[in-house]
Amino acid sequence: MERIQKHIALSGKELALGYFHQKVKKEILSDLDFALLSGELTCLLGPNGVGKSTLIKAILGQIQPWKGSIQLDNQSISNFSLEELAKRIAVVLTDPVFPGNMTVGQLVALGRTPHTGWSGKLNSDDREIVEKALSDTNISYLREERLSEISDGQRQKAMIARALAQDGQVMILDEPTAHLDLINRFETMNLLRDIAHGQHKAILVVTHDLDIAIETADRFWLLNCGTPLIHGKPEDLILSGKINQLLPSDKYRFSLSRGKMEVENQKLGFDIEGPLELVFWVEKALVKAGIQGLDSGVSVSKEPFLIRYKDQDFSTLEELVIFLK
Ligand SMILES: Nc1ncnc2c1ncn2[C@@H]1O[C@H](COP(=O)(O)OP(=O)(O)OP(=O)(O)O)[C@@H](O)[C@H]1O
């Protein structure tokens with residue numbers, strides 16, 4: 001099989017990261033290795049407080065590793081000034097503060113700041129890059145709109161356009177879908193994947209949005225307390241069961257057939273017969289209603305949808321639950 005050699009844009013080796021809290025050393029991440037590949041959308045997932053933002057801060061040069069090193073294009077990031085890093089790594093943080101009266105065009109133009117210096121004066125190349133960033137994110141029509149007068153989804157696209165205008169090889173986004181509805185969450189992540197693939201950028205997204213990440217990411221990094229970073233294609237991590245690393249307890253499980261986390265259902269004291277996909281939802285409704293034991297089984301059929309219990313037919317689960325209670 002031909003092996004495709006991927007370009008490692010950013011890597012970390014044997015990293016130890018942490019903080020001093022009242023002069024006491026508090027190590028958050030130990031012995032951490034990672035490699036962020038160009039041309040891919042990578043999602044970093046892990047529970048609250050595990051150290052995802054801490055890792056991002058280290059990549060951005062805001063905190064220094066206690067041990068190990070981070071390499072950007074095979075050079076230690078400690079060799080780069082913060083200005084140089086800003087030219088190469090664009091970042092989109094969760095709750096950025098920009099004046100509401102700033103226009104989308106002005107925000108995206110700010111992405112050129114690391115290249116223009118203090119003057120902020122754009123030359124024709126800069127203007128072209130800003131226009132391209134607006135058009136790549138499909139928001140050219142918003143150029144003159146004020147940030148306070150556009151939707152959360154549009155503002156997130158504008159933030160991504162600003163990061164694109166920065167024209168770095170690496171883009172890092174901290175929870176870019178946090179305030180968005182389902183469709184905008186998909187759109188944002190699909191846009192990021194298109195950018196990673198089309199412009200060969202290495203994109204790292206910190207997210208708690210497992211469903212959308214499974215649909216869109218090329219690679220997962222799973223971070224958990226005290227264990228090495230697990231990485232791989234989402235589908236490989238699901239099939240190998242490594243995805244369960246994200247689960248806090250046995251109460252939850254990752255359903256292979258449904259592709260998402262589920263609460264482990266208590267075992268019912270009766271049978272439900274019928275097509276599997278219908279049985280699943282009948283079981284869910286009965287468990288939620290606290291119905292665990294019945295005198296006889298339940299059957300469910302499709303077309304017409306009917307639930308039968310003791311010779312009686314119900315056309316909705318609501319009717320069945322009312323009857324059983
Ligand atoms: N400036 C700081 N000084 C001391 N401890 C800190 C500091 N910032 C974060 N921490 C601690 O580091 C740990 C990791 O925090 P971090 O914000 O990196 O987690 P996270 O994985 O990004 O969490 P979340 O998913 O909630 O955003 C937490 O225990 C936090 O309290």
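Because only heavy atoms are used, hydrogens play no part in the values below, and waters and symmetry mates are left out as well, while side chains stay in. Each residue takes its place number in the sequence, starting with 1. Just so we're clear, the structure is a prediction, and the values are computed from it rather than from any experiment. Just follow the structure's listing: the first ligand is 1, and inside any ligand the first atom is 1.
Proximity to Lys57 (heavy-atom distance under 4.0 Å) selects the following atoms of ligand 1: 8 (N). Those atoms of ligand 1 that come under 4.0 Å of a heavy atom in His208, given as number and element, are 25 (O). Shown in contact with Pro47 at under 4.0 Å from a heavy atom are these atoms of ligand 1, numbered in order with element: 21 (O). Interface atoms of ligand 1 facing Lys52, defined by a heavy-atom separation under 4.0 Å, are 18 (O), 19 (O), 20 (P), 21 (O), 22 (O), 23 (O), 24 (P), 25 (O).
For the pair Ile59 and Phe34, the minimum side-chain heavy-atom distance is below 4.5 Å. Between Gln154 and Ile139, the closest side-chain pair of non-hydrogen atoms is not below 4.5 Å. Two residues are said to be in side-chain contact when any heavy atoms from C-beta on lie closer than 4.5 Å; Met189 and Asp209 fail this criterion. Asn184 places none of its side-chain heavy atoms less than 4.5 Å from the side chain of Thr177. A 4.5 Å side-chain heavy-atom check between Phe220 and Ile230 finds every atom pair outside the cut-off.
From the protein, the heavy atom lying nearest to atom 10 (N) of ligand 1 is Tyr19 CE1, 3.4 Å. The shortest contact between atom 27 (O) of ligand 1 and any protein heavy atom is with Ser53 OG, 4.1 Å. Looking only at heavy atoms of the protein, atom 14 (C) of ligand 1 is closest to Gly49 O, 3.2 Å. Given atom 16 (P) of ligand 1, the protein heavy atom at minimum distance is Thr54 OG1, 3.7 Å. What sits closest to atom 11 (C) of ligand 1 on the protein, heavy atoms only, is Lys26 NZ, 3.6 Å.
More than 12 heavy atoms of other residues, nucleotides or ligands shown are found within 6.0 angstrom of CD on Glu235.
Where the criterion is an N or O separation shorter than 3.5 Å, residue side chain and backbone included, Val50 meets it with respect to ligand 1. Remark: ligand 1 and Asn48 share an N or O pair separated by less than 3.5 Å (distance only, no angle test).
For Ile28, every heavy-atom contact with ligand 1 shorter than 4.0 Å involves the side chain, none the backbone.
Of the residues Asp167, Val170, Leu41, the one that meets the side-chain contact (heavy atoms from CB on, under 4.5 Å) test with Lys201 is Asp167.
Note: Phe323 and Tyr309 have perpendicular aromatic rings, judged against thresholds of 30 and 60 degrees for the angle between ring planes.
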